[in-house]
Each structure stands twice: as C-alpha cells, then as structure tokens.
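Since the structure comes first, as structure tokens, the remarks are kept for the end.
Residue numbers start from 1 in every chain, and the chains themselves are labelled A, B, ... in the order their sequence lines are given, proteins ahead of strands.
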Protein chains: 2
Amino acid sequence: MDDDRAVLGELLPRLTRLSELLSRGRLFEQVLESAGLALERPAITVLVTLHRAGGPLRVGEIATRMQVAGPHVTRHVQGLERRGLVRRVEDPADQRARLIEATPAGADAAERYLSVLLGWLSDALAGWPRQDRQDLVRLLGRLLDDVHDRVAAAAGGEPEPPLS
Amino acid sequence: MDDDRAVLGELLPRLTRLSELLSRGRLFEQVLESAGLALERPAITVLVTLHRAGGPLRVGEIATRMQVAGPHVTRHVQGLERRGLVRRVEDPADQRARLIEATPAGADAAERYLSVLLGWLSDALAGWPRQDRQDLVRLLGRLLDDVHDRVAAAAGGEPEPPLS
DNA sequence: TATTGTTATACTCTATAACTATA
DNA sequence: TATAGTTATAGAGTATAACAATA
C-alpha cells in the first residue's frame with residue numbers, strides 16, 4: 001500500500017492549495033471585482049442566499065443557511081440596505097421578525113456574480129473531457145462527505161484522548 | 001451541452017462546501033485539537049513549512065512559502081518562540097536576517113499534526129477504489145491549475161471593463 | 001540606496017454576551 | 001419566559017506603512 005501513501009501525500013498539498021485559492025487566494029473576491037461589485041464576500045453570500053431562496057427570508061433563516069451567527073447577518077444586511085440592495089420589511093406574521101428582500105439591484109448583483117463565477121469555472125473546465133468533469137464532481141462530492149464524517153467522528157467520539 | 005451546465009451547477013456548491021470545510025468549518029483547527037496542539041493555524045503552518053524545508057529558514061522565506069506578508073510571520077514566530085517551539089538564530093551570512101529553526105518540541109508538533117491529518121484523510125478514503133483516489137488527485141490538481149490560470153487571466157488582461 | 005525584519009495600525013470575518021421588543 | 005433581532009465587544013487572520021539595522 002505504498003501507493004496509497006503516495007496518493008495521500010499528494011492530496012494534502014492540493015487541499016492546501018485549494019484552501020488558499022478559495023479563502024485567502026480570494027477566488028470569490030476576484031469574481032466580485034470582475035463583476036464590478038464593490039461588496040464583501042459575506043454580503044454577496046447574503047444576496048446569493050436570497051437569490052437561491054427565490055424570495056424574502058428572515059435574518060435568522062439567512063444566518064442558518066449561511067451557517068454563521070445572527071449578528072454577522074445583521075451587520076451585512078445593514079450594509080446591503082444602505083447600498084439599496086436589500087429592503088427590510090416587517091413580517092406580517094411576527095412583529096419581532098424582519099423579512100429581508102432583495103431589491104431589483106440586489107437581485108441583479110447576485111445574478112451577475114453567479115454568472116461571472118460560473119463563466120470562470122466553465123472556462124477553466126473548457127478543455128476537459130466530459131468524463132473527467134463528471135468524475136471530478138462525483139469524487140469531490142464523495143470526498144466532502146467522507147471527510148465530513150471523519151471530522152464528525154473525531155469531534156463526537158473522542159473525549160480527550162488519554163496520554164498513554 | 002446542457003449536460004455541461006448541469007455539471008457546473010453541481011461543482012459550485014461543492015466548492016462552496018469545500019471552502020467552508022477548510023476555512024470556516026475548521027478542518028485544520030480540529031486536526032490541531034485532536035493532535036493535542038494548542039496552536040493557531042498560521043503557527044502550525046510555520047512549523048510545517050520548516051518541517052518540509054528540513055532545516056532553518058529566514059522569516060522572509062517563510063513568508064514567501066506561506067504566501068503571506070512578512071509581519072504576519074514575525075508575529076507567529078514570536079508566539080512559537082515563547083512556547084519553545086522555534087529558536088531564532090542569527091544568520092552567519094547576513095546580520096540583518098534571522099534564521100528560524102524548529103526545536104525538537106516544534107518538530108514533534110509538526111509531525112504529530114501531519115500524522116493526524118494524514119490519518120484522517122486516509123480514513124476518509126479508506127473505502128475508495130484505488131482508481132478513484134488516483135483520479136481525485138489528478139483531477140483536483142488540474143482543476144487548481146486551470147482555475148488559477150483563469151483567475152490570473154482575469155487579473156491581468158482585464159483593465160476595468162467598460163460599462164457598455 | 002536596497003534589503004531584512006519589526007513595530008504600529010487597520011480592516012475583514014466571525015463569535016459571544018447583553019439588551020430590546022415582541023410573543 | 002422564550003424568541004427575533006440588534007448593539008457592543010472581542011479575537012483571529014492578514015495587510016500596509018513606517019521604521020531600524022545592516023548590506
């Protein structure tokens with residue numbers, strides 16, 4: 001199984017590079033720039049979340065879908081509101097809640113962002129055989145599931161390992 | 001080519017999930033915890049960088065390899081030095097520079113970290129056919145190269161697109 | 001004058017705690 | 001009393017600018 005070790009040894013730097021490309025390497029930030037959008041990443045994520053939902057969402061629901069804490073959403077919604085990209089309307093069903101709704105400009109921003117991002121991915125994969133593209137998506141999905149499971153196992157079943 | 005669109009549409013959420021798993025989902029932070037290391041991620045990255053180099057490196061060289069700004073490295077090296085994980089020795093060839101050298105404890109930390117991380121990856125891929133593993137590494141590498149090129153193209157050849 | 005590293009400062013992302021308004 | 005959201009605060013990661021020491 002030397003071969004397996006070798007494959008693992010190559011996987012690690014790739015994951016590291018991917019992490020850099022996605023988070024600090026700022027793929028998403030550069031897409032924003034290229035789309036002419038002067039928005040922070042969490043802000044566009046709010047807009048994309050609303051876009052995917054196809055309608056207004058509560059602040060708490062946005063936070064859940066983005067998997068972040070509430071105040072984080074509050075802040076970025078405020079910024080988006082100042083820029084006229086979302087509106088905050090009262091929830092008729094609950095006076096405590098606020099429904100966040102994309103304005104036409106906000107919906108347009110989300111669409112432009114997604115369009116540039118998909119365009120870039122499309123360009124990147126342009127020369128790929130169809131089979132490779134399908135394999136990539138399939139294997140990446142499985143990797144995510146399996147790594148997620150492994151991480152969950154470590155978090156759950158490992159109550160401070162003994163020193164022995 | 002509807003098929004291609006569909007594949008792209010699936011790739012995007014996977015990249016998003018991966019980004020979350022790696023950066024905010026804190027895969028690396030959880031590995032640190034599981035390895036019993038009370039270190040920040042940049043700090044362990046410094047140690048791993050030294051480990052890979054196989055010997056002392058200058059602050060600037062560490063920054064280059066980590067692709068971060070100099071002061072960032074300075075700060076984390078200071079923390080590592082306080083914890084006895086690295087030593088700062090003078091560069092005999094250049095009195096301006098400082099060579100950063102892992103102590104035995106620092107080398108041990110890097111090894112434990114890598115060992116846990118590789119173990120997790122190994123577990124995650126345990127049930128995979130060998131061919132799938134090899135394909136994953138190959139396709140992931142190509143994806144990184146191609147996306148990198150596409151991003152570079154956007155950064156280089158796109159001097160503020162006209163409004164038309 | 002150019003380079004290495006450090007100090008000072010600031011910004012982004014995100015979290016938790018405390019609080020307000022409503023249920 | 002519980003819930004939705006906001007305000008206040010804090011900490012990690014990282015960048016740039018100004019500066020010191022040495023080349």
Side-chain angles (χ1 to χ4, degrees), chain A residues 16 19-30 32-33 37-46 48-49 56-82 86-101, chain B residues 16 19-30 32-33 37-46 48-49 56-82 86-101:
Chain A
T16 306
S19 175
E20 278 160 10
L21 180 67
L22 293 173
S23 45
R24 210 168 38 68
R26 308 179 323 282
L27 169 63
F28 299 118
E29 279 80 355
Q30 292 196 252
L32 280 168
E33 196 178 318
L37 297 168
L39 292 173
E40 307 83 38
R41 211 219 281 199
I44 192 66
T45 306
V46 168
V48 168
T49 302
L57 292 176
R58 290 175 168 206
V59 169
E61 179 61 24
I62 296 172
T64 300
R65 295 191 188 202
M66 287 176 63
Q67 302 194 77
V68 296
H72 189 59
V73 173
T74 293
R75 171 155 3 148
H76 284 286
V77 162
Q78 286 166 343
L80 287 168
E81 194 176 24
R82 270 198 304 279
V86 302
R87 262 191 301 270
R88 191 190 315 249
V89 302
E90 280 174 11
D91 185 337
D94 187 340
Q95 289 305 307
R96 293 170 304 180
R98 296 284 175 275
L99 285 176
I100 310 304
E101 177 183 48
Chain B
T16 305
S19 176
E20 277 161 11
L21 180 67
L22 293 173
S23 45
R24 211 167 38 67
R26 306 178 325 282
L27 169 63
F28 298 119
E29 279 79 356
Q30 292 196 252
L32 279 168
E33 195 178 320
L37 297 168
L39 292 173
E40 307 83 39
R41 211 218 282 198
I44 192 67
T45 306
V46 168
V48 168
T49 301
L57 292 176
R58 291 174 167 206
V59 169
E61 179 61 26
I62 296 173
T64 300
R65 295 192 188 200
M66 286 176 62
Q67 302 194 78
V68 297
H72 190 59
V73 173
T74 292
R75 177 167 344 161
H76 284 286
V77 161
Q78 286 166 344
L80 287 167
E81 195 177 24
R82 269 198 304 280
V86 303
R87 260 191 303 269
R88 192 190 315 248
V89 302
E90 280 175 10
D91 186 339
D94 186 340
Q95 289 306 309
R96 293 170 304 182
R98 295 283 174 277
L99 286 177
I100 311 304
E101 178 184 46

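Distance check, rounded to the nearest 0.5 Å: CZ of A:Phe28 to CD1 of A:Ile44 gives 11.5 Å. A distance of 11.0 Å separates CD1 of A:Ile62 from OG1 of A:Thr45, quoted to the nearest 0.5 Å. The CE atom of B:Met66 sits 11.5 Å away from atom OG1 of A:Thr16, with the distance rounded to the nearest 0.5 Å.
For DNA chain C, the residues of residues 56-70 of chain A within the heavy-atom distance limit of 4.0 Å (strictly under) are A:Val68, A:Ala69, sorted by number.
The shortest heavy-atom contact between A:Leu99 and A:Pro56 is CB-CB, 4.2 Å. Heavy atoms only, all atoms of each residue included: A:Ser19 and B:Arg41 are closest at OG-NH1, 3.8 Å.
On the nucleic acid side, DNA chain C has its first and last nucleotide under 4.0 Å of a heavy atom of chain A at C:dC13 to C:dA23, going 5' to 3'.
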Would you list the atom pairs, donor with acceptor, under 3.5 Å between side chains in residues 86-93 of chain A and any protein atom, with sequence neighbours excluded?
residue, atom, partner, partner atom, Å
A:Arg87, NE, A:Glu101, OE1, 3.4
A:Arg88, NE, A:Glu81, OE1, 3.3
A:Arg88, NH2, A:Glu81, OE1, 2.8
A:Asp91, OD1, A:Ala93, N, 2.8
A:Asp91, OD2, A:Arg58, NE, 3.2
A:Asp91, OD2, A:Arg58, NH2, 3.2

Could you pull out all donor-acceptor pairs under 3.5 Å where a side-chain atom in residues 67-76 of chain B meets a protein atom, sequence neighbours excluded?
residue, atom, partner, partner atom, Å
B:Gln67, NE2, A:Glu20, OE1, 3.3

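Under the 4.5 Å side-chain criterion, counting only non-hydrogen atoms from C-beta, A:Leu27 is in contact with A:Leu22.
A:Arg75 comes within 4.0 angstrom of a base, heavy atoms only.
Across the interface with DNA chain C, nearest-nucleotide mapping of B:Thr74 and A:Glu40 shows B:Thr74 to be the residue nearer the 5′ end.
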Would you tabulate the pairs of protein nitrogen or oxygen atoms and nucleotide nitrogen or oxygen atoms of nucleotides 17-23 of chain D closer than 3.5 angstrom?
residue, atom, partner, partner atom, Å
D:dA23, OP1, B:Gln95, N, 2.7

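Distance B:Arg41 CZ to D:dT14 C1': 13 Å, rounded to the nearest Å. The interatomic distance linking A:Asp91 (CG) with D:dG5 (C1') rounds to 12 Å, in whole Å. Atom pair B:Leu32:CG and D:dG13:C1' shows a separation of 14 Å (rounding to whole Å applied). Straight-line distance from the CD atom of A:Glu90 to the P atom of D:dA4: 16 Å, rounded to whole Å.
Applying the salt bridge (Lys or Arg N to Asp or Glu O under 4.0 Å) test to residues at least two apart or on different chains, the pairs with a partner in residues 62-74 of chain B are B:Glu61-B:Arg65.
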